[in-house]
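The structure appears below as structure tokens.
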Amino acid sequence: MAKTVLVTGSSGLIGSEVCAFFAAQGFAVHGVDNNQRAVFFGPQGDTRWNQQRLLTTLKGFRHHELDIRDRHGVLALVKELKPGLIVHTAAQPSHDRAAAIPFDDFDTNAVGTLNFLEAARQACPESPFVHMSTNKVYGDAPNRIPLVELETRWDYADPAYANGIPETFTIDQSTHSLFGASKVASDVLAQEYGRYFKMPTCCLRGGCLTGPHHSGVELHGFLSYLVKCNLEGREFKIFGYKGKQVRDNIHSYDVARFIFEFYSAPRCGEVYNLGGGKRNSCSVLEAFKLSEKFSGRPMKYTYADQNRIGDHLCYYSDLRKMRTHYPKWALTKSLEQTVQEIVEAWQKRK
Ligand SMILES: NC(=O)c1ccc[n+]([C@@H]2O[C@H](COP(=O)([O-])OP(=O)(O)OC[C@H]3O[C@@H](n4cnc5c(N)ncnc54)[C@H](O)[C@@H]3O)[C@@H](O)[C@H]2O)c1
């Protein structure tokens, strides 16, 4: 019998990539999504096109129209499937959106995660459980690291962070946004199910996760949205920091590959920083250049002095813990290749 994976947020960027990746490994794939992204962000955030893509391209893919806040529905589904792997990617994913919808944000991110963790404990406690967390659990504490201003970006001046931010960095006593706070709750819950109940859980604290299947909007999906603006000749708004704020970008395919490695050799209650690292990092200004290179169109933008509350000036992930625990894993997609794929995908979707 085929092994079964249950993927929440299956119509989103990471969920859909994980569905495709595990289907290719012969898994029976069950997706949970209710297109809540369109509720959070309006029609531009709609993910039905991606759900349709999975239904038409993946043999044996089953879609479950379920809200992860529906505790009874979640408990019943996990009990019925007893999946050999759960990958939890469904979330309210935006820093700024959370302030307008605090109950929806917390109920989705914290309570929705608890629903799946407890459902897994009751039905399949030995199955690996991968929780998508975020670098926003560190709040704005990374902004306290001394920086050097270069021509097109900020960088760490402190050599202790030459490889990026490690998992030991503080998550306490800084500004997180309500989104960061609800994700801290879910991150700690996933760790606790690993430590207290000895379940094979891990939290992946994402930098900028990106790829061709993102429904990028201004409030979430930085590179996808930036490329979309570039292709449509729309103005991209930079929020402060001179446009030199740095993000590390990882292609969703490399995220799925890591999840497969974790599934193959799971550990309990682990935490990993998962991003593009310094090599795949860029500032907003540098991202403009990359997008222009592949679109052939000039980037239009405006600049507002006011930065987003709690936004990182410079963030890139220290990938050494992942590489030590899973030496077979490495990034396979460069930033250039990733941007090129995003440009091509938007051109096709239009
Ligand atoms: N994309 C990034 O840059 C990034 C960075 C760090 C962390 N993350 C985390 O990774 C995960 C995946 O992010 P993504 O970029 O793929 O997001 P996404 O918005 O593309 O996908 C999430 C999916 O979950 C679904 N969803 C949301 N609420 C739901 C609910 N209540 N019930 C059922 N489905 C629901 C949405 O409809 C959407 O299709 C999230 O946990 C996010 O916080 C993402």
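Order of listing sets the numbers, starting from 1, for every ligand and every atom in it.
A cation-pi arrangement is absent between K136 and F179 under the rule of less than 6.0 angstrom and at most 45 degrees off the ring axis.
Scanning the protein heavy atoms around atom 29 (C) of ligand 1, the nearest turns out to be Q36 CB, 3.5 Å. Atom 11 (C) of ligand 1 has its closest protein heavy atom at T89 O, 3.3 Å. When hydrogens are left out, the protein atom nearest atom 18 (P) of ligand 1 is R37 NH1, 3.6 Å; that is the closest non-hydrogen contact. L13 N, 3.0 Å is the protein heavy atom nearest to atom 20 (O) of ligand 1. Scanning all protein heavy atoms for the shortest distance to atom 33 (C) of ligand 1 gives N34 OD1, 3.1 Å.
Ring geometry, H30 versus H64: the interplanar angle falls under 30°, so the pair is classed parallel (tilted spans 30 to 60°).
Between F179 and ligand 1, a contact under 3.5 Å exists for no N or O pair. In terms of polar-atom proximity, defined here as any N/O pair under 3.5 Å, P93 makes no such contact with ligand 1.
Salt-bridge formation is not detected for the pair K237/E218: no Lys NZ or Arg NE/NH1/NH2 atom is positioned less than 4.0 Å from an Asp or Glu carboxylate oxygen. Using a cut-off of 4.0 Å between Lys/Arg side-chain N and Asp/Glu carboxylate O, K293 and E336 are scored as salt-bridged. Comment: R48 engages E65 in a salt bridge, judged by a side-chain N to carboxylate O separation of less than 4.0 angstrom.
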| task | For C19 and F61, run side-chain contact (heavy atoms from CB on, under 4.5 Å): C-alpha distance rounded to whole Å, both residues' side-chain angles, the deciding distance at 0.1 Å, then the answer. | result | CA-CA 8 Å; C19 288; F61 172 73; 3.8 Å; yes
| Is there a salt bridge (Lys or Arg N to Asp or Glu O under 4.0 Å) between R247 and D311 once you walk through the steps? | CA-CA 11 Å; R247 306 282 175 261; D311 203 18; 2.8 Å; yes
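Remark: aromatic rings of F27 and Y263 are close, center separation under 6.0 Å.
Residue-level proximity to ligand 1 for H220 is carried by the side chain, the only part with a heavy atom below 4.0 angstrom. Of all the heavy atoms of F222, none lies under 4.0 Å from any atom of ligand 1, so neither backbone nor side chain is involved. Only the side chain of K183 comes within 4.0 Å of ligand 1, counting heavy atoms alone; its backbone N, CA, C and O stay farther away. At a heavy-atom distance under 4.0 Å, atoms from both the backbone and the side chain of D33 approach ligand 1. Looking at S215 against ligand 1, nothing comes within 4.0 Å, counting heavy atoms. Contacts of H88 with ligand 1, taken as heavy-atom pairs under 4.0 Å, are absent altogether. Residue contacts with ligand 1, taken as heavy atom pairs separated by less than 4.0 Å, do not involve T8 at all.
Atom 9 (C) of ligand 1 has its nearest heavy-atom neighbour, among G275, S133, G206, G45, in S133.
Contact atoms of ligand 1 toward I14: 16 (O) (distance under 4.0 Å to a heavy atom of the residue). Of all atoms in ligand 1, numbered sequentially from 1 with element shown, those under 4.0 Å from a heavy atom of F40 are 27 (C), 28 (N). Every atom of ligand 1 is numbered from 1 in the order shown, and the set under 4.0 Å from a heavy atom of I68 is 30 (C), 31 (N), 32 (N), 33 (C). Using a 4.0 Å cut-off to heavy atoms of T108, the atoms of ligand 1 that qualify are 28 (N), 31 (N). Against a heavy-atom cut-off of under 4.0 Å, D67 is close to the following atoms of ligand 1: 30 (C), 31 (N), 32 (N).
No side-chain donor-acceptor contact under 3.5 Å links Q337 and H251.
In this structure, S133 and L204 have side chains that are not in contact, with every pair of non-hydrogen atoms separated by 4.5 Å or more.
Sparse packing is recorded around CD of Q52, with 12 or fewer heavy atoms of other residues, nucleotides or ligands lying under 6.0 Å away. Other residues, nucleotides and ligands place no more than 12 heavy atoms under 6.0 Å from the OH atom of Y301.
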